[in-house]
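Chain identifiers are assigned alphabetically (A, B, ...) following the order of the sequence lines, protein sequences preceding nucleic acid strands; residue numbering begins at 1 within each chain.
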Protein chains: 2
Amino acid sequence: MAEPVVAPGRPRGGRRDEILATFTRHVAERGYDRANFGDVATELGMSKGTIVHHFGTKDRMLAEVQERYMGRRLEEAHAFLARLPAPEQRLAAFVHAGVRYSTLEPATTVAFQREVVRLTHEPGMETARAQRDAYRDLVVAVLREGQEAGVFVPGDARLRSLQMFGSLHWMWTWFDPQGRLPPEDVAAEFCRTLLRGLGTPDELAAVAADPHGPVATCVAEIVDQRATR
Amino acid sequence: MAEPVVAPGRPRGGRRDEILATFTRHVAERGYDRANFGDVATELGMSKGTIVHHFGTKDRMLAEVQERYMGRRLEEAHAFLARLPAPEQRLAAFVHAGVRYSTLEPATTVAFQREVVRLTHEPGMETARAQRDAYRDLVVAVLREGQEAGVFVPGDARLRSLQMFGSLHWMWTWFDPQGRLPPEDVAAEFCRTLLRGLGTPDELAAVAADPHGPVATCVAEIVDQRATR
DNA sequence: CTACTCTGCCCGTACGTGCGGTCAGTTTTC
DNA sequence: GAAAACTGACCGCACGTACGGGCAGAGTAG
């Protein structure tokens, strides 16, 4: 029934976080359907029952992964939006952040991206879905701001947000965090093409896309800080 | 119950194609892991054994779905590349075609896009993977041509192809073929943003993106013809 | 024409396995 | 000592697929 509620006077999570992390990695590697309690338990040297004890059902475990992920991303987004005023900088920040997450927390990111679809229709995913929608709305708002400010060409903001999210969410199928291709290069190239595509003047776009520019730096500070705390 | 029909004169495949189509739809709706022989058999009013008789294993059935899909896409691609000389037209054609397929054969397209990842590592998928790589190489080649012709700004062609494929392959998560949003609008918006992002002069981009322009028309003819034969 | 055989679909069942989840009980922690 | 953490045995079920056989039509011999 009602889940463990953390525990009183207990160091945050303990074994629980460990389980969630391992489960997340398995989801990232094999997908939700092929990830199973047995393998996770074996890898952590514990019993299947322990996992059930902590999370109840597999569905709930996935829901928690998604909610934590989206929770962090929303916090970050609000943080860099507060620091970056210009629409083209804000949009670039979303791209830099999206790419950075792929290397900083590859497992969580891939797990999320593989299984996003589930939060559209699956029951028990309402919270995560609401978070996802809120995140997307932030991007749409930025796109509209940009159009009103004349820094983006007029067009369908929602469609553009989907075009952008597609590029980022698809990364899990080809991007290798251990590979030769630096994530900053990916972010920079994506930013350049996207901003130019939206009609942003070259000078502004160049600054926003620059891997060592103010936007990328700002995002890096925020994201890295949250990840290591 | 009497739906099989099949008709005299022996249509190619007979029941076999029917099985494959139903299986494809199930994969599109639930994903490969949750699609199963039992449901397909029940829906077609046949036994599970029949499916096994025709395809052997589930893996092989998926492989055949992917191979057929990529086979058709490759044929189409070669067809419109032969008719369209300019790089910006060729690139736009890939976008128009990608979107058009989502409405013309939604099940096959979604099934493919959901399960593309499998053809990277899964054994038995070598053929489909080779086809996929060939298709991607066609796009990369067009991007390079465009740079040499000065119609695209210099940059990483492979990265750009991935950015573009991301937008298209992600469509299955949000695009509804039955919905209000016309696919031509999606294609046009994607083309505009992409081509502008690559630095294509506005006049050329406008023609290539136009849903009633020569590129979209050419693609429509080729794709529709193949689908209905 | 008849009878026989061969062959490609197709059926129904049964089996093995993997997995999510239960439960009763033990150990650990505060 | 109460609550939480953990265990290991167990259940039920869903699913892939192996298997043995049925049936209808085509080819063939008499």
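In this structure, the side chains of B:Tyr69 and B:Glu64 stay at 4.5 Å or more apart for every pair of heavy atoms. With contacts defined as side-chain heavy-atom distances shorter than 4.5 Å, the pair A:Trp174/A:Leu181 qualifies.
At the phosphate of D:dT7, OP1 or OP2 sits under 4.0 Å from a side-chain N or O atom of A:Thr50. Taking only side-chain nitrogens and oxygens, A:His53 comes nearer than 4.0 Å to OP1 or OP2 of D:dA5.
Separating the CZ atom of B:Arg34 from the P atom of D:dA14 is a distance of 13 Å, rounded to the nearest angstrom. Per the geometry, CZ belonging to B:Arg16 stands 13 Å off C1' belonging to C:dG8, to the nearest Å. When the C1' atom of D:dA14 is taken as reference, atom CG of A:Asn36 falls 15 Å away, rounded to whole Å. Separating the OH atom of B:Tyr32 from the P atom of D:dC15 is a distance of 13 Å, rounded to the nearest angstrom. Here the P atom of nucleotide C:dC10 and the CG atom of B:Leu44 are 11 Å apart, to the nearest Å. The distance from atom CG of A:Asp33 to atom C1' of D:dG16 is 15 Å, rounded to the nearest whole Å. Distance CG (B:Leu62) to C1' (D:dG16): 15 Å, rounded to an integer number of Å. Across the protein-nucleic acid pair, A:Ile51 atom CD1 and D:dA4 atom P stand 20 Å apart, rounded to whole Å.
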Practice problem: Would you check, one step at a time, whether the test side-chain contact (heavy atoms from CB on, under 4.5 Å) holds for B:Phe37 with B:Thr42? | Solution: CA-CA 9 Å; B:Phe37 288 178; B:Thr42 305; over 6 Å; no
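A:Arg25 has a carboxylate O that lies under 4.0 Å from a charged side-chain N of A:Glu29, or vice versa, which qualifies the two as a salt bridge. Between B:Arg90 and B:Glu145 there is a salt bridge, since at least one side-chain N of the basic residue sits less than 4.0 Å from a carboxylate O of the acidic one. A salt bridge links B:Arg68 with B:Asp17: at least one charged nitrogen is closer than 4.0 Å to a carboxylate oxygen.
Nearer the 5' end of DNA chain D, as judged by each residue's closest nucleotide, is the contact made by A:Ile19, out of B:Ala35 and A:Ile19.
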Protein-nucleotides 21-25 of chain D N/O pairs closer than 3.5 Å?
none

Tabulate atom names and distances for all N/O pairs under 3.5 angstrom spanning the protein and nucleotides 21-28 of chain C.
{"residue": "C:dG21", "atom": "OP2", "partner": "A:Lys58", "partner atom": "N", "Å": "3.0"}
{"residue": "C:dG21", "atom": "O6", "partner": "A:Lys48", "partner atom": "NZ", "Å": "2.9"}

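With distances taken from any side-chain atom of B:His54 to the nucleotides D:dC6, D:dT7, C:dC10, the minimum falls on C:dC10.
In the model, A:Glu43 has a side-chain atom that pairs as donor or acceptor with a side-chain atom of A:His26 under 3.5 Å.
At least one cation-pi condition fails for A:Arg132 and A:Phe112: the charged atom is not both under 6.0 angstrom from the six-membered ring centre and inside a 45 degree cone around its axis.
With sequence neighbours excluded, the residues that form a side-chain contact (heavy atoms from CB on, under 4.5 Å) with B:Asp59 are B:Tyr32, B:Thr57.
B:Ala41 comes within contact range of no nucleotide atom at all, as no heavy-atom separation falls under 4.0 Å.
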